[in-house]
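The basis for the numbers below is simple: all heavy atoms, side chains too, and nothing from hydrogens, waters or symmetry mates.
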Amino acid sequence: LLVVAPIRSGKSVMWNNFLLNPNYYENCFEDSQVTIISNTIANDQSSRFSYKRFGGHELYDDKIISNFVKKQRERKKAKMDTSFALILDDLSGDLNPHGRKGGAALRLATRFRHEVSPGDACLFLISNQKWNGLATILRANATGVLLSGNIKSKKELDTIREDLADSIGGGLKFDEMFARAAAEPFAWLYIRLDSTPPEVYLNFKERLF
């Protein structure tokens with residue numbers, strides 16, 4: 001699940017709600033099944049309750065992901081509950097396919113379903129300020145996308161439209177739906193790509209496509 005929004009648009013509020021709100025995923029995971037990697041988790045007021053409850057890593061390291069995968073495979077082998085929530089928050093510079101870091105997370109994005117047993121809960125969420133800052137492999141493997149209506153960059157929106165619009169009614173339909181989100185403060189478009197056909201919702205409530 002990709003969450004894309006400029007600074008101060010509610011990205012942290014969004015994923016913290018996912019973890020702590022019973023209307024989302026609070027009851028899906030044990031505390032020990034939640035892994036958070038965020039450069040700002042220790043000093044972000046929006047994340048203080050998640051940090052207190054789940055802890056978190058303030059610096060990305062491929063070893064965190066490698067150890068996570070190792071633990072998942074051990075749990076699968078032992079036929080234990082393999083449910084997990086993995087949150088990567090504002091790590092664009094660390095998930096660069098041309099850099100020396102981030103390879104483990106990028107590889108996991110292509111095979112995360114293999115690290116959880118059928119029927120167990122799975123949330124792999126990547127939050128970022130820019131769509132264009134996300135590696136192509138992350139964009140191509142997303143099963144869902146949350147776009148803030150606060151995205152103002154035409155270049156950014158052009159790329160999002162190019163990547164997603166054909167799946168959700170075409171460019172004009174995408175522009176129409178995004179305009180609905182842009183008209184409301186802190187509104188979101190949720191694009192559910194793993195449904196057939198894909199679906200689009202405004203703030204999880206109103207289906208637009």
Side-chain angles (χ1 to χ4, degrees), residues 1-5 7-58 60 64-65 67-76 78-91 105 108-109 112-129 134 138 141-150 181 184-195 198-207:
L1 181 63
L2 302 180
V3 180
V4 181
I7 190 171
R8 298 188 181 91
S9 296
K11 291 190 308 298
S12 295
V13 172
M14 176 66 71
W15 67 256
N16 277 275
N17 258 313
F18 283 170
L19 294 179
L20 300 172
N21 188 327
N23 292 309
Y24 293 106
Y25 307 125
E26 184 192 24
N27 299 318
C28 293
F29 307 103
E30 301 291 337
D31 289 4
S32 62
Q33 296 171 329
V34 177
T35 302
I36 303 171
I37 310 174
S38 170
N39 296 331
T40 59
I41 191 171
N43 51 34
D44 184 348
Q45 284 297 304
S46 300
S47 303
R48 65 189 186 278
F49 296 112
S50 289
Y51 187 50
K52 181 178 180 180
R53 179 170 171 179
F54 307 113
H57 304 273
E58 294 182 61
Y60 176 87
I64 300 170
I65 304 298
N67 289 336
F68 163 81
V69 171
K70 180 181 178 181
K71 182 180 75 173
Q72 287 299 111
R73 293 178 179 177
E74 290 172 348
R75 295 177 74 85
K76 284 183 72 175
K79 300 190 182 304
M80 298 172 64
D81 183 358
T82 59
S83 300
F84 74 83
L86 176 60
I87 310 295
L88 307 185
D89 179 41
D90 273 344
L91 300 178
L108 182 61
F112 65 92
R113 295 179 188 85
H114 299 286
E115 308 303 344
V116 62
S117 298
D120 290 346
C122 168
L123 173 63
F124 183 10
L125 183 149
I126 299 173
S127 165
N128 205 51
Q129 293 181 13
L134 293 166
L138 298 177
N141 282 278
T143 59
V145 175
L146 278 158
L147 299 175
S148 166
N150 200 33
E184 299 181 24
F186 299 103
W188 294 85
L189 278 187
Y190 169 42
I191 304 173
R192 185 178 175 186
L193 296 169
D194 61 346
S195 62
E199 300 170 354
V200 182
Y201 293 86
L202 179 65
N203 296 325
F204 301 105
K205 295 180 180 179
E206 182 182 352
R207 185 170 176 178

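- Evaluation of the side-chain contact (heavy atoms from CB on, under 4.5 Å) rule for H57 yields T35, I37, I64 as partners, not counting sequence neighbours.
- Listed by chain and residue number, E115 satisfy the side chain to side chain donor-acceptor pair (under 3.5 Å) test with R73 (two or more places apart in sequence, or in another chain).
- Within the 4.5 Å cutoff, side-chain heavy atoms of L20 are placed close to those of F54.
- With sequence neighbours left out, the salt bridge (Lys or Arg N to Asp or Glu O under 4.0 Å) criterion links E30 to no other residue.
- For P22, the side-chain contact (heavy atoms from CB on, under 4.5 Å) partners two or more places apart in sequence, or in a different chain, are E26, N27.
- Partners of N141 according to the side-chain contact (heavy atoms from CB on, under 4.5 Å) rule, which considers only residues two or more places apart in sequence or in another chain, are T110, I137.
- With sequence neighbours left out, R192 forms a salt bridge (Lys or Arg N to Asp or Glu O under 4.0 Å) with D194, E199.
- Among residues two or more places apart in sequence or in another chain, the side chain to side chain donor-acceptor pair (under 3.5 Å) test is passed with Y51 by none.
- With sequence neighbours excluded, no residue forms a salt bridge (Lys or Arg N to Asp or Glu O under 4.0 Å) with R113.
- Residue pairs satisfying the salt bridge (Lys or Arg N to Asp or Glu O under 4.0 Å) criterion with at least one member in residues 15-24, sequence neighbours excluded, are absent.
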Hey, can you pull the donor-acceptor pairs under 3.5 Å for the side chains in residues 81-89, sequence neighbours left out?
unit_1: D81; atom_1: OD1; unit_2: S83; atom_2: N; d: 2.9
unit_1: D81; atom_1: OD1; unit_2: S83; atom_2: OG; d: 2.8
unit_1: D81; atom_1: OD2; unit_2: Q33; atom_2: NE2; d: 3.4
unit_1: T82; atom_1: OG1; unit_2: S117; atom_2: N; d: 2.7
unit_1: T82; atom_1: OG1; unit_2: S117; atom_2: OG; d: 3.4
unit_1: T82; atom_1: OG1; unit_2: D120; atom_2: OD2; d: 2.7
unit_1: S83; atom_1: OG; unit_2: A121; atom_2: N; d: 3.0
unit_1: D89; atom_1: OD1; unit_2: W15; atom_2: NE1; d: 3.4
unit_1: D89; atom_1: OD1; unit_2: S127; atom_2: OG; d: 3.1
unit_1: D89; atom_1: OD2; unit_2: S38; atom_2: OG; d: 2.9

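- Using modelled atom types, one finds no donor on one side chain facing an acceptor on the other under 3.5 Å when comparing S46 with N16.
- Between T143 and F112 the shortest side-chain heavy-atom distance falls below 4.5 Å.
- A search for side-chain contact (heavy atoms from CB on, under 4.5 Å) contacts involving Y24 returns N17, F18, N21, F204, not counting sequence neighbours.
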